[in-house]
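Keep in mind that the numbers below use all heavy atoms, side chains included, and drop hydrogens, waters and symmetry copies. These figures come from a predicted structure and were not determined experimentally.
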Amino acid sequence: ASLIQALTLDAGGTLFHPSRPAGLVYSEVASRWGCRVDPATVQERFAAAWKTWSRTDPGRTTVATPEEERAWWKALVAEVFRGCGTFADFDGFFDELFVAFASPDAWSLYPEVKATLDRLHAAHVPLAIVSNWDPRLELLCDRLGLSGYFTVILASGRVGISKPDPRIFAEAVERLGVAAREAAHIGDSLRDDVHGALGAGLQAVWLRRSSEGMEGPPVPQAVGREPDPEDAAPRGVAVAALLDEAVKLVVS
């Protein structure tokens with residue numbers, strides 16, 4: 001029998017991904033506010049900005065409230081469009097962009113997710129989502145048909161703690177009614193998911209999805225990103241390319 005009694009899962013980049021290329025959505029919304037930029041250029045600039053910001057972490061781990069989360073994204077999006085033209089109203093542009101990614105139409109489940117969750121549900125494995133997201137995550141999960149699978153859905157913007165802070169993982173396992181050592185976390189961020197979970201005493205599986213068929217870099221609310229080639233999982237941490245593979249590594 002497996003020693004793992006419960007699982008916690010990341011959201012964006014693990015359970016679901018943007019339905020349309022991020023650069024395309026960004027450029028479409030920007031054009032309505034007077035700034036015309038090629039989608040491929042936006043895509044490239046976002047990938048570069050995200051890599052820099054997530055590495056240097058200008059305030060990301062201290063983001064605790066919905067207002068701070070929104071301000072963090074607004075500053076990042078401003079960086080993406082810096083030098084790319086002018087907006088009639090940047091605040092109005094960002095408001096529309098932020099709302100767009102709260103819609104379930106903006107997101108699609110990865111192909112294997114539903115069947116994997118069905119199997120876990122049938123096996124009575126308690127599940128939680130632990131995500132750096134604003135409080136709208138609960139409604140989004142409901143609209144994507146995910147809510148029924150999860151006992152707990154923890155969004156950083158609601159609980160006031162962001163991954164990789166171990167306290168958000170501790171909160172999840174406490175609500176699931178298991179000890180940290182009896183739980184495993186699966187997510188696509190080496191820093192937020194793997195190191196965060198290990199720091200809280202959980203086991204961890206690093207989900208490294210292929211970029212093939214992906215719709216580009218992350219978008220507001222999404223935390224999934226392609227890791228650098230030099231990134232390596234800590235010793236003893238399993239790596240998987242699909243969620244069902246990751247689950248099989250920790251749940252027998």
>> Using a 3.5 Å distance criterion without hydrogens, assess whether the side chain of T52 forms a donor-acceptor pair with backbone atoms of A48.
In response: yes
> Are L242 and L9 connected in a single hydrophobic cluster, I mean Ile/Leu/Val/Met/Phe/Trp/Tyr linked by side-chain heavy atoms less than 4.5 Å apart?
Replying inline: no
> Looking only at heavy atoms, what is the nearest atom pair of P104 and L144, with distance?
Replying inline: O-CD2, 3.9 Å
> Checking W206 side chain against P234 main chain: does a donor-acceptor pair fall under 3.5 Å?
Replying inline: no
>> Looking at E245 and A241, would you say the former's side chain and the latter's main chain have a donor-acceptor pair under 3.5 Å?
In response: yes
>> One thing to verify: whether D89 and R32 come together as a salt bridge, which I'm taking to mean a side-chain N less than 4.0 angstrom from a carboxylate O.
In response: no
>> Do Q203 and I4 have side chains that approach each other closer than 4.5 Å (heavy atoms only, starting at C-beta)?
In response: yes
>> To the nearest 0.5 Å, what is the distance between OG1 on T41 and OH on Y26?
In response: 15.0 Å
>> Parallel, tilted or perpendicular: which one describes the rings of W73 and F46, with boundaries at 30° and 60°?
In response: parallel
> Do you reckon L24 sits in the same ILVMFWY cluster as F101, going by side-chain contacts under 4.5 Å, direct or chained?
Replying inline: no
> Is K74 atom NZ crowded by more than 12 heavy atoms from other residues, nucleotides or ligands, each under 6.0 Å away?
Replying inline: yes
> Charged N to carboxylate O below 4.0 Å: is that the case for R82 and E79?
Replying inline: yes
>> Keeping R175 on the side-chain end and V152 on the backbone end, is there a donor-acceptor pair under 3.5 Å?
In response: no
>> As an exercise, state the distance from CH2 of W133 to CZ of R158, rounded to the nearest 0.5 Å.
In response: 14.5 Å
> Passes salt bridge (Lys or Arg N to Asp or Glu O under 4.0 Å), R209 versus E112? Steps please.
Replying inline: CA-CA 12 Å; R209 292 184 178 279; E112 84 282 10; 2.9 Å; yes
>> Between L243 and Y110, is the side chain to side chain contact (heavy atoms under 4.5 Å, CB included) condition met? List the steps.
In response: CA-CA 9 Å; L243 182 63; Y110 287 102; over 6 Å; no
>> Set out, in order, the CA-CA distance, both residues' side-chain angles and the distance that settles side chain to side chain contact (heavy atoms under 4.5 Å, CB included) for F98 and D134, then state yes or no.
In response: CA-CA 11 Å; F98 198 73; D134 71 54; 3.6 Å; yes
> Are E28 and R20 side-chain neighbours, meaning at least one heavy-atom pair lies under 4.5 Å?
Replying inline: yes
> When you look at D244 and R119, which way does the side chain to side chain contact (heavy atoms under 4.5 Å, CB included) test go after all the steps?
Replying inline: CA-CA 9 Å; D244 54 347; R119 284 194 295 273; 3.5 Å; yes
> How far apart are the C-alpha atoms of F16 and S108, what are their side-chain angles, what is the distance that settles it, and do they pass the side chain to side chain contact (heavy atoms under 4.5 Å, CB included) test?
Replying inline: CA-CA 5 Å; F16 48 80; S108 298; over 6 Å; no
> Is there side-chain contact between L117 and L146, with at least one heavy-atom pair below 4.5 Å?
Replying inline: yes
> Under 4.5 Å between any side-chain heavy atoms of I168 and V159, yes or no?
Replying inline: yes
>> K163 and side-chain hydrogen bond (donor to acceptor under 3.5 Å, both in side chains): which single residue from D192, D10, N132 fits?
In response: D10
> What's the spacing between S27 OG and D38 CG if we round to 0.5 Å?
Replying inline: 7.5 Å
> With side chains defined as the heavy atoms from C-beta onward, is the minimum distance between D105 and S19 less than 4.5 Å?
Replying inline: no
> Which pairs pass ring pair (Phe, Tyr, Trp, His ring centres under 6.0 Å) with one or both residues in residues 176-195, sequence neighbours excluded?
Replying inline: F169-H185
>> Nearest 0.5 Å, please: how far is OG in S131 from CG in L137?
In response: 5.0 Å
>> In the structure I gave you, are the side-chain heavy atoms of R70 and D95 within less than 4.5 Å of one another anywhere?
In response: yes
>> So, taking the atom named SG in C84 and the one named CZ in R36, what distance separates them when rounded to the nearest 0.5 Å?
In response: 14.5 Å
> Among L15, L176, L7, which residue meets the side-chain contact (heavy atoms from CB on, under 4.5 Å) test with F150?
Replying inline: L15
> If we only count heavy atoms from C-beta on, is the I186 to D193 side-chain gap below 4.5 Å?
Replying inline: no
> Can you tell me how far the CG atom of L3 sits from the CD atom of E182, to the nearest 0.5 Å?
Replying inline: 9.0 Å
> Taking the side chain as C-beta and beyond, is there a heavy-atom pair between S147 and E138 under 4.5 Å?
Replying inline: no
> What pairs of residues pass the salt bridge (charged side-chain N to carboxylate O under 4.0 Å, His left out) test when at least one of them lies in residues 141-157, not counting sequence neighbours?
Replying inline: none
> According to the interplanar angle, ranging from 0 to 90°, do the rings of F90 and F94 count as parallel (below 30°), tilted (30 to 60°) or perpendicular (above 60°)?
Replying inline: parallel
